[in-house]
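Beneath this line is the structure, given in structure tokens, with notes to follow.
Chain letters run A, B, ... following the sequence lines, proteins first, then strands; residues in each count from 1.
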Amino acid sequence: MSALLKDLYRSIFRGDPPSTDKGKSELVFYNVWLHIHPAKVRKEHLKVGHTLYLGFISFFLFLILVVTGVALMLYYHPHPAKAYQDMKDLQFVVFLGPFLRNMHRWAAHAMVLFVFLHMCRVFYTGSYKAPRQFNWVVGVWLLLLTLGLSFTGYLLPWDQLAYWAITVGTNIAAYAPLAGPQIRILLLGGHSIGDQALLRFYVLHVCILPALVIALTMVHFWRIRKDGGLSRPLWKLDADSAPQGEPPRPGPASAEKTYGLMEVVTGKPLFEVLTPAEEEDLVFSYPYAFFREGVAFLLTVAATMVVSLVWNAPLEEIANPAKTPNPAKAPWYFLGLQEMVSHSAFLGGVLVPTLMVLALLALPYLDRNPSRRHADRRLVLWAFTVFAIANIVLILIGTFFRGAGWALVWPWAATAGGHG
Amino acid sequence: MDRRSFLTLTTAGAAGLLASGGALLGSAVRFLFPSVYYEPPQKFKVGYAKDFPIGIPTFLPQEKIYIFRDEAKGFSAASAVCTHLGCTVQWFANDQRFHCPCHGSVFSADGAVVHGPAPKPLQWIEVTLAKDGQLQVDKNRSVADSYHLILPS
Ligand code: HEM
Ligand code: FES
């Protein structure tokens with residue numbers, strides 16, 4: 001019997017026990033989920049100071065969203081006649097309903113925040129520079145998808161916030177040049193907001209957009225490996241003058257030798273010889289990297305749970321096409337956009353956001369300065385900081401300085417609209 | 001196979017692939033536009049003339065329209081949908097204006113933009129008299145803001 005169990009175990013886990021160096025490598029090597037990591041990683045990449053683990057936290061929040069989202073799907077019908085009642089059931093009837101709904105809502109808010117912060121980290125460490133330009137572009141798409149998931153998500157409760165957000169959002173789309181009105185019909189599945197529109201946003205939210213996020217996240221992570229691992233922390237730049245994490249380029253071939261395919265592709269000998277100093281810089285992914293990622297994961301889950309126990313996700317009155325709430329406010333991350341469209345629908349809703357996205361996408365190609373040192377990057381640091389602060393200021397104005405009828409007011413006079 | 005027929009064949013093949021790819025894409029886009037829209041009718045009856053007070057606009061929440069009845073000029077109807085981004089405007093009796101809660105557009109009693117981001121005046125729509133004596137409104141028919149229905153008395 002024990003031989004059978006042992007056989008079973010050995011058929012699943014092939015490597016040596018992870019008490020030896022060989023076992024530690026095999027653990028990563030033979031596991032489809034773990035082998036996105038190299039067997040060994042640079043110590044400096046595990047330092048919180050370099051990445052702040054913001055990308056990981058974004059990813060873990062996404063995992064929380066998938067799990068809680070699938071749970072919510074079991075009690076939600078994407079139809080105007082049922083959706084709002086399902087929300088009420090989740091609030092008052094379903095076992096763990098409020099907790100799951102809170103977790104889903106707060107993790108969604110947090111994901112928007114953390115993806116943005118992660119982007120800032122990547123920017124300020126200059127990690128979008130060659131060879132990582134394309135991974136920055138993938139990242140920008142992930143940011144857009146994250147916003148798209150939030151937008152399609154908060155429509156689903158079919159409360160006042162949902163109804164008026166879809167109204168305003170799809171009307172902004174209608175200002176797009178050339179195909180604007182067609183795009184609106186495409187999004188709504190009709191000319192007015194009804195069951196077709198809710199169904200379309202539901203399919204986008206639970207199927208199309210998550211599938212795209214998963215696909216792009218895979219590319220994102222794969223690319224990190226193929227770009228030669230994470231960028232080196234800024235504090236290491238002065239220490240060594242070696243090229244900063246350039247991707248492996250094929251070296252000159254020797255006529256005396258036959259090369260294996262691996263060697264041709266990577267340009268490195270199959271059995272790399274590391275200097276003792278280089279060896280000194282590395283640690284095994286198991287347990288060092290996994291432990292830290294595990295801690296980041298547990299902290300993310302724990303923080304989301306605590307927030308969800310203390311604060312309830314908002315739910316406004318049932319959607320009422322006849323009455324727009326006053327003020328009608330979008331969730332915080334769209335209040336900058338709302339502030340801009342309050343000046344001009346086309347400029348603030350279409351042109352400026354499009355230019356902002358294009359600027360983000362083009363950044364790594366426009367910024368041709370190879371140096372990552374802050375002293376050499378004054379102009380671009382300044383430009384991005386203005387960009388980030390402008391967005392934050394617009395959001396703050398929309399949140400705290402806009403009252404009934406979207407009039408400018410002092411924060412203490414601003415009636416909270418629906419946000420959440 | 002000689003060079004000429006090889007080239008002809010590959011060109012034809014490439015053209016065929018391109019055409020079927022285009023057809024596929026076109027059908028996919030067409031698929032996304034519903035063939036039938038199950039939506040509320042744009043033309044509907046709103047009630048008898050006597051139901052509407054003189055001077056104060058009547059708001060019909062379901063249809064999102066305002067019905068005006070003027071002593072001298074007769075009946076007219078305006079859409080309550082803000083021309084900015086589609087929120088529902090509200091009539092304020094104290095300043096005799098429409099206010100939009102979303103981004104602060106203000107419209108005068110005749111629908112003109114007083115200020116705010118709205119690019120166009122409120123839409124005026126046709127009011128007619130149905131055979132059964134009820135007023136009838138057709139949202140698909142825009143009219144000038146001077147349009148009024150005068151009932152024979
Ligand atoms: C769903 C959203 C995203 C997820 C889950 C994600 C995840 C990650 C993870 C786990 C890392 C590893 C290092 C770290 O934790 O910082 C990383 C690195 C990176 N990310 Fe993201 N990311 C997302 C969005 C973005 C965005 C919006 C950008 C930029 C526009 C971006 C650009 C990059 C780049 C260039 C790297 C390599 C950084 C380096 O080598 O130091 N990512 N991402
Ligand atoms: S929708 Fe009326 S002001 Fe924007």
Side-chain angles (χ1 to χ4, degrees), chain A residues 160 163-175 179 182-197 199-200 203 320-330 337-349 398 402-409 415 417-418, chain B residues 25-26 28-44 46 57-67 79-92 94-95 97-107 113-120 122-123 139-140:
Chain A
Q160 280 286 67
Y163 187 88
W164 295 101
I166 195 175
T167 303
V168 169
T170 54
N171 276 320
I172 291 178
Y175 274 89
Q182 278 79 8
I183 295 178
R184 180 166 185 268
I185 296 180
L186 207 71
L187 286 170
L188 293 182
H191 304 87
S192 55
I193 295 160
D195 47 358
Q196 277 295 321
L199 186 58
R200 284 195 176 201
V203 173
N320 178 0
K323 188 166 184 316
T324 314
N326 193 357
K329 286 195 182 184
L337 188 70
Q338 188 170 358
E339 179 60 32
M340 290 199 296
V341 295
S342 77
H343 299 281
S344 158
F346 174 70
L347 289 180
R402 291 295 188 176
W406 204 248
L408 267 182
V409 294
T415 21
Chain B
L25 196 75
V29 171
R30 172 62 188 80
F31 168 78
L32 292 175
F33 287 92
S35 302
V36 183
Y37 295 103
Y38 299 94
E39 289 174 353
Q42 298 294 296
K43 187 176 177 178
F44 40 82
V46 294
T58 308
F59 179 56
L60 303 180
Q62 219 63 52
E63 296 81 7
K64 291 197 210 179
I65 55 173
Y66 280 97
I67 305 278
S79 162
V81 176
C82 179
T83 55
H84 180 229
L85 292 170
C87 294
T88 306
V89 297
Q90 239 179 315
W91 172 258
F92 279 66
N94 51 358
D95 66 352
R97 284 176 172 171
F98 296 98
H99 292 251
C100 180
C102 284
H103 315 99
S105 288
V106 180
F107 302 86
V113 182
V114 177
H115 65 77
K120 287 185 292 187
L122 292 177
Q123 187 200 8
K139 279 208 222 171
N140 281 333

Give the table of side-chain donor-acceptor pairs shorter than 3.5 Å for residues 82-90 of chain B, with sequence neighbours excluded, one pair per line with atom names and distance.
| from | atom 1 | to | atom 2 | distance (Å) |
| --- | --- | --- | --- | --- |
| B:Thr83 | OG1 | B:Lys120 | O | 2.6 |
| B:His84 | ND1 | B:His103 | ND1 | 3.0 |
| B:His84 | NE2 | A:Val341 | O | 2.9 |
| B:Thr88 | OG1 | A:Pro321 | O | 3.3 |

### Most contacts with chain B, counted as non-hydrogen pairs under 4.5 angstrom, among A:Gly169, A:Pro325, A:Gly189, A:Ala407
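The residue among A:Gly169, A:Pro325, A:Gly189, A:Ala407 with the greatest pair count is A:Gly189.
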### Message
Quick check for you: among A:Gly194, A:Ala174, A:Ser192, which has the greatest number of heavy-atom pairs under 4.5 Å with chain B?
### Response
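Top count of heavy-atom pairs under 4.5 Å with chain B: A:Ser192.
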### Message
With a 4.5 angstrom heavy-atom cut-off, is it the side chain or the backbone of B:Tyr38 that approaches chain A, or both, or neither?
### Response
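For B:Tyr38, there is no contact with chain A at all, as no heavy atom is under 4.5 Å.
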### Task
Answer with side chain, backbone, both or neither: which region of A:Tyr175 has an atom nearer than 4.5 Å to a non-hydrogen atom of chain B?
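For A:Tyr175, side-chain heavy atoms alone lie under 4.5 Å from chain B.
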#### Entry: Interface moiety of A:Gln338 toward chain B, non-hydrogen atoms closer than 4.5 Å
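Both backbone and side chain.
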### Task
With rounding to the nearest 0.5 Å, note down the distance linking SG in B:Cys102 to CH2 in A:Trp406.
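Rounded to the nearest 0.5 Å, the SG-CH2 separation comes out at 9.0 Å.
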### Task
Take A:Lys329 and A:Arg402, measure what side-chain contact (heavy atoms from CB on, under 4.5 Å) needs, and give me the verdict at the end.
CA-CA 9 Å; A:Lys329 286 195 182 184; A:Arg402 291 295 188 176; 4.2 Å; yes
### A:Ile185 and B:Phe33, any side-chain heavy atoms less than 4.5 Å apart
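Answer yes - side chains close enough.
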### Query
Under the side chain to side chain donor-acceptor pair (under 3.5 Å) test, which residues partner B:Glu39, sequence neighbours left out?
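Counting only residues at least two positions away or on another chain, B:Glu39 forms a side chain to side chain donor-acceptor pair (under 3.5 Å) with A:His191.
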